[in-house]
Amino acid sequence: MRFYLASEEDIVKGKITDVYFERTLKVLDKLGLDNVMVRMEVHSYGLPKGYQWAVFSGLEEVLNLFEGKPISIYAMPEGTLFKEVEPLMIIEGNYRDFGAYETEFLGILRHYSSVSTKAARIKSLAIDKNVLFFGLRSAHPAIAPMLDRAAYIGGVDGISGAFDKEVFDIEPSGTMPHALMLTVGDNVKAWKAFDEVVEDNVPRIVLADTFEDERTEALKAADLLGDKLAGIRLDTPSSRRGNFRKIVQEIRWTLNIHGYNHVKIYVSGGIDEEQVLDLRDYVDGFGVGTSIAFPESVDLSADIVEKMIDGNWVPYTKRGKWPGAKQVYRCGKLDDKITLINSPPIEDCKPLLIKYMENGKIVSKLPSLTEIRNYVISQLKEITQG
């Protein structure tokens with residue numbers, strides 16, 4: 001291997017698994033237990049400290065993983081906000097047909113949901129201010145498309161991958177790196193060349209903290225580009241920051257008194273929830289990287305919760321988990337009620353788990369990436385307004 005990556009073919013074949021699952025299948029074969037029908041549930045029994053909800057994502061990839069295999073899948077729609085204990089997905093079938101895939105499907109859902117949840121938390125705090133995801137350089141390039149997709153599902157307003165238009169039909173967002181000014185050796189010359197070379201539909205947002213004081217560079221950029229300057233970005237290192245909010249306030253005042261009220265201010269560099277709360281009343285947007293790319297983990301697990309015995313589904317699970325395949329009804333703003341999956345429906349409440357796969361065939365229409373993001377944003381608006 002030149003790059004230590006799992007191929008798509010190996011993932012689909014279930015080769016990227018923990019060895020103990022392979023050993024489990026050998027034991028089952030030895031015992032003649034090659035047809036044990038079970039229902040396995042994916043859930044979280046412990047969200048990160050202080051989290052009241054998380055975002056379920058990664059469903060599309062899991063469905064692609066299992067397509068053509070003799071199982072059925074029930075799941076919440078991708079992008080659904082969920083709470084602890086609630087079932088997110090139920091896999092129904094012969095354990096022999098999907099057991100070795102637990103490493104893969106759980107890894108997909110856990111990583112996706114963790115990134116989407118952090119993005120949603122930051123977006124919910126930013127309120128009406130733009131949030132751009134600049135976290136690709138924080139992770140292995142092999143998963144760059146996954147990170148951009150997961151962050152976008154979580155509600156960020158822009159993603160930066162140069163591949164995003166081709167893969168997702170979404171125009172990538174970005175400004176400029178310090179490397180541009182450093183390579184050119186002169187900030188004004190670099191900004192002027194950027195304006196002359198880059199397509200007109202790309203907003204002129206200048207990085208204004210490379211060589212000089214942020215206020216000085218911001219004013220230079222405004223004088224150079226005038227009405228064409230859409231904004232400035234501050235990426236000041238923590239060692240030079242002091243009180244970042246006061247720096248932003250000083251720049252806003254200075255731009256305004258020189259007639260540049262239209263110039264927006266964006267901040268980046270180590271932005272997390274605390275910084276969003278501190279700065280959201282003074283800036284127009286945030287560039288967020290590592291805190292979304294490397295979020296607190298939304299701890300998802302998968303457990304058998306029912307087993308077919310003599311032709312009947314029987315609640316059956318390990319201690320510490322709720323036995324029985326379940327349904328979740330949403331009766332208001334995250335007002336959820338859990339029932340057994342075959343219980344009578346709850347009046348005036350919406351069932352969240354729907355059938356997405358039957359015997360290896362996808363049977364429900366999958367939404368577009370933008371539709372999933374809009375679904376997340378609508379839920380965030382409900383809970384923040386509530």
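Not measured: the values here are computed from a predicted model.
For residues 110-144, no residue pair satisfies the ring pair (Phe, Tyr, Trp, His ring centres under 6.0 Å) rule, not counting sequence neighbours. Here salt bridge (Lys or Arg N to Asp or Glu O under 4.0 Å) pairs that include residues 99-118, with residues two or more places apart or in two chains, are Arg110-Asp299, Lys118-Asp272, Lys118-Glu273. The list of disulfide (SG to SG under 2.5 Å) pairs with a residue in residues 315-376, not counting sequence neighbours, reads Cys331-Cys349. Pairs passing the disulfide (SG to SG under 2.5 Å) check and including a residue from residues 158-231, sequence neighbours excluded, do not occur. Listed by first and then second residue, the disulfide (SG to SG under 2.5 Å) pairs that reach into residues 90-180 come to none, sequence neighbours excluded. Among pairs with a residue in residues 227-272, none fulfils disulfide (SG to SG under 2.5 Å), at least two apart in sequence or across chains.
Between Phe168 and Tyr152, the distance from one ring center to the other does not fall under 6.0 angstrom.
For Lys189, the side-chain contact (heavy atoms from CB on, under 4.5 Å) partners at least two apart in sequence or on another chain are Val184, Asp186. With sequence neighbours excluded, no residue forms a ring pair (Phe, Tyr, Trp, His ring centres under 6.0 Å) with Tyr260. Remark: Glu196 pairs with Lys192 by the side-chain hydrogen bond (donor to acceptor under 3.5 Å, both in side chains) rule, at least two apart or across chains.
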Please list, one pair per line, the donor and acceptor atoms closer than 3.5 Å that link side chains of residues 69-77 to other protein atoms, with sequence neighbours excluded.
unit_1	atom_1	unit_2	atom_2	d
Lys69	NZ	Val12	O	3.4
Lys69	NZ	Leu65	O	2.8
Ser72	OG	Asn359	N	3.3

With a 3.5 Å cut-off and sequence neighbours excluded, list the donor-acceptor pairs that the side chains of residues 334-345 form with protein atoms.
unit_1	atom_1	unit_2	atom_2	d
Asp336	OD1	Arg330	NE	2.8
Asp336	OD2	Arg330	NH2	2.8
Ser343	OG	Leu340	O	3.3

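Side-chain contacts under 4.5 Å among hydrophobic residues (ILVMFWY), followed directly or transitively, place Leu5 together with Phe3.
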